[in-house]
Amino acid sequence: QAKAAGRRTFMRYDDAMDVATRQRATLSGALRKVLDRGELRLAFQPRLALADSRITGVEALLRWSSDEHGEIAPADFIPLAEESGLILEIGEWVLREACLTLRRWQQHGVGGLTVAVNVSVLQLLRGDFPEVVRRVLGDVGLAPEALELELTESVLMANAEQTAAKLQAFRAIGVSLAIDDFGTGYSSLAYLKRLPITTIKIDKAFIDDLSHDPEDAAITSTVITMAHSLGLNVVAEGVETEAQLRFLSQHRCDEIQGFWLAQPLDPHACLAFIRNWTQAQGAGRPLPAISP
Ligand code: C2E
Ligand code: MG
Ligand code: MG
Ligand code: MG
């Protein structure tokens, strides 16, 4: 009854709401039910080490296929999930599902990979998140070394002191920490130096015009050099062309991720891709595309 009353109230004000607000309200409502309905899935996108052309791991990317609204991009629903606090529940589901998938692959004989999981600011600020991570790893039976958490610069800047302590707790567990979308925020490598980070992922925005824009090329090569001097692993995001690949290889970028290698794939397709790659490529040799 309360529900019906709520709906009547909503309808009455409906006309006054602009379309965007209405769509957001409808989506938030639908989002509330996604976990129960099983509408969420994970896609996995592989990462490649340039030095020896080995697949090093995958990034788990959330997908929502809504019965009512069709495919909805993470950029459109993750902000809503954050506003409503649902991201805590969804984020824990993502973490568990990602770890379970990697564990399953290990049981199918594909080992030595890491899985990277995107973490939202709300998850990080939650008091017991390191405990949640430890519990999930224990439940699934996955070694902490196989998990990397991806945090954006804004997440890290939001609450610098609290964040540093949190990050130490993750490192103490043994999971790796990556800065996602590096270069889009305001943090400097000097600031990052004080955090126990293991990897930085250079944002696609800098990779896109690498071959045409001398400034993006300069930024990228400088970031790689500075990151290496701080002992960090460097991943380039959104690599689509062989020209980008060659530039990154010449400038000693450690790993790449992007459509040049593979799109985000469903778990079965991704496992098949990794097996085929490993077989066809033969680990330990450089890619033909970047061999001198
Ligand atoms: P991100 O973590 O930076 O993920 C990389 C995004 O770039 C993904 O978009 C991926 O599909 C896309 N991408 C990868 N390679 C290429 C390429 O070569 N070309 C192009 N055009 N795109 C490429 P997606 O899956 O739409 O995710 C967007 C963002 O949503 C992610 O950016 C991440 O910030 C967020 N996100 C995704 N899954 C989760 C999640 O489980 N939790 C949280 N909190 N955020 C997530
Ligand atoms: Mg990411
Ligand atoms: Mg990114
Ligand atoms: Mg991005």
Side-chain angles (χ1 to χ4, degrees), residues 31 34-35 39-48 57-65 71-102 114-126 129 132-133 136 147-156 158 176-185 187 197-211 220 223 233-245 248 255-267 269-270 273:
L31 192 54
V34 293
L35 281 168
E39 292 184 342
L40 295 180
R41 296 171 290 115
L42 291 183
F44 293 88
Q45 189 179 35
R47 241 159 76 171
L48 179 75
V58 293
E59 177 176 4
L61 294 160
L62 190 53
R63 296 290 176 262
W64 177 19
S65 355
E71 281 289 326
I72 302 158
D76 292 327
F77 70 85
I78 284 173
L80 297 177
E82 284 175 337
E83 275 169 34
S84 60
L86 267 173
I87 193 69
L88 292 179
E89 215 179 320
I90 291 175
E92 190 169 335
W93 179 87
V94 170
L95 180 67
R96 184 173 296 270
E97 192 66 20
C99 291
L100 272 171
T101 303
L102 195 70
T114 61
V115 64
V117 172
N118 293 285
V119 171
S120 135
V121 62
L122 275 188
Q123 288 174 278
L124 192 73
L125 291 182
R126 175 176 158 169
F129 189 48
V132 170
V133 171
V136 168
L147 176 64
E148 183 165 273
L149 299 176
E150 293 192 4
L151 310 152
T152 58
E153 290 174 63
S154 53
V155 166
L156 296 181
S176 306
L177 298 172
I179 307 280
D180 203 353
D181 305 340
F182 184 78
T184 59
S187 59
I197 298 297
T198 44
T199 297
I200 66 164
K201 300 185 78 175
I202 303 178
D203 194 72
K204 180 179 183 304
F206 299 99
I207 308 304
D208 279 341
D209 293 323
L210 217 47
S211 331
T220 300
V223 167
N233 183 45
V234 185
V235 182
E237 293 194 277
V239 175
E240 296 182 344
T241 69
E242 219 163 275
Q244 293 166 343
L245 186 73
L248 292 162
E255 298 177 49
I256 60 125
Q257 185 180 336
F259 295 172
W260 181 84
L261 180 66
Q263 304 246 343
L265 300 164
D266 72 57
C270 192
F273 176 87

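Start at 1 with the first residue, then count along the sequence. Atoms within a ligand are numbered from 1 in the order they appear, just like the ligands themselves. Everything quoted here is computed from the prediction, not taken from an experiment.
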Practice prompt. Scan side-chain atoms only and decide if Glu39 and Ser65 contain a donor-acceptor pair under the 3.5 Å cut-off.
Written response: no
Examine ligand 1 and decide if any of its atoms is less than 4.0 Å from a heavy atom belonging to Lys204.
yes
Q: Would you check whether Phe259 has a nitrogen or oxygen atom less than 3.5 angstrom from a nitrogen or oxygen atom of ligand 1?
A: yes
Within the 4.0 Å heavy-atom cut-off, what Gln257 brings close to ligand 1 is neither
Would you say Glu150 reaches the Mg ion (ligand 3) with an N/O/S atom under 2.8 Å?
no
Legend entry - Heavy-atom donor-acceptor pair, Gln123 side chain to Val119 backbone, under 3.5 Å: no
Notebook entry, point to check: Has ligand 1 got any nitrogen or oxygen that is less than 3.5 angstrom from a nitrogen or oxygen of Gln45?
Noted result: yes
**Study point:** Audit row: Phe206, Thr220, side chain to side chain contact (heavy atoms under 4.5 Å, CB included) steps and yes/no
**Key:** CA-CA 7 Å; Phe206 299 99; Thr220 300; 3.8 Å; yes
I'd like to check whether Gln123 has a polar contact with ligand 1, where a contact means an N/O of the residue lying under 3.5 Å from an N/O of the ligand.
no
Side chain to side chain donor-acceptor pair (under 3.5 Å) with Lys201: of Glu255, Gln257, Glu148, only one passes, and it is Gln257
- So is Glu82 in contact with ligand 1, going by heavy-atom distances below 4.0 Å? no
Note: Val239, heavy atoms under 4.0 Å from ligand 1, region reported as backbone
Do we see a donor-acceptor contact under 3.5 Å between the side chains of Gln244 and Asp208?
no
Looking at Glu59, the N/O/S atom that lies nearest to the Mg ion (ligand 2) is called OE2
task = Check whether any side-chain heavy atom of Leu40 lies under 4.5 Å from a side-chain heavy atom of Trp64, and answer yes or no.
result = yes
Atoms of ligand 1 under 4.0 Å from any heavy atom of Glu240, numbered from 1 in the order shown, are 17 (C), 18 (O), 19 (N), 20 (C), 21 (N)
Restricting to heavy atoms, the pick from Ser120, Ala73, Pro74 nearest atom 29 (C) of ligand 1 would be Pro74
Quick note on ligand 1: atoms under 4.0 Å from a heavy atom of Gly258 include exactly 15 (N), 18 (O)
The N/O/S atom of Asp180 lying closest to the Mg ion (ligand 2) is OD2
_Arg63 vs Leu61, test: side chain to side chain contact (heavy atoms under 4.5 Å, CB included). Steps then yes/no._
CA-CA 7 Å; Arg63 296 290 176 262; Leu61 294 160; 3.9 Å; yes
Exercise. So, Thr152 side chain and Asp180 main chain: donor-acceptor pair closer than 3.5 Å or not?
Worked result: no
| request: Could you tell me whether Glu89 atom CD has more than 12 heavy atoms of other residues or ligands within 6.0 Å of it? | output: no
Residues Phe273 and Leu261: closest non-hydrogen pair is CZ-O, 3.4 Å
Ligand 1 to Gly238, heavy atom cutoff 4.0 Å, flagged ligand atoms 15 (N), 16 (C), 17 (C), 18 (O)
Honestly, for Ile78 the part within reach of ligand 1 (heavy atoms, under 4.0 Å) is side chain
In short, Val239 meets Leu245 closest at the heavy-atom pair CG1-N, 4.3 Å
Decide whether the shortest distance between a heavy atom of Glu59 and an atom of ligand 1 is less than 4.0 Å. yes
Using side-chain heavy atoms (C-beta onward) and a distance below 4.5 Å, is Val115 in contact with Phe44? yes
Subject >> Test item, Pro264 contacting ligand 1 (heavy atom, 4.0 angstrom) >> reply: yes
_With a cut-off of 2.8 Å, does Asp203 put an N/O/S atom close enough to the Mg ion (ligand 3)?_
no
Atom name of the N, O or S atom of Asp181 nearest to the Mg ion (ligand 3) is OD1
Looking at Leu40, Ile90, Val94, Asp180, the heavy atom closest to atom 2 (O) of ligand 1 belongs to Asp180
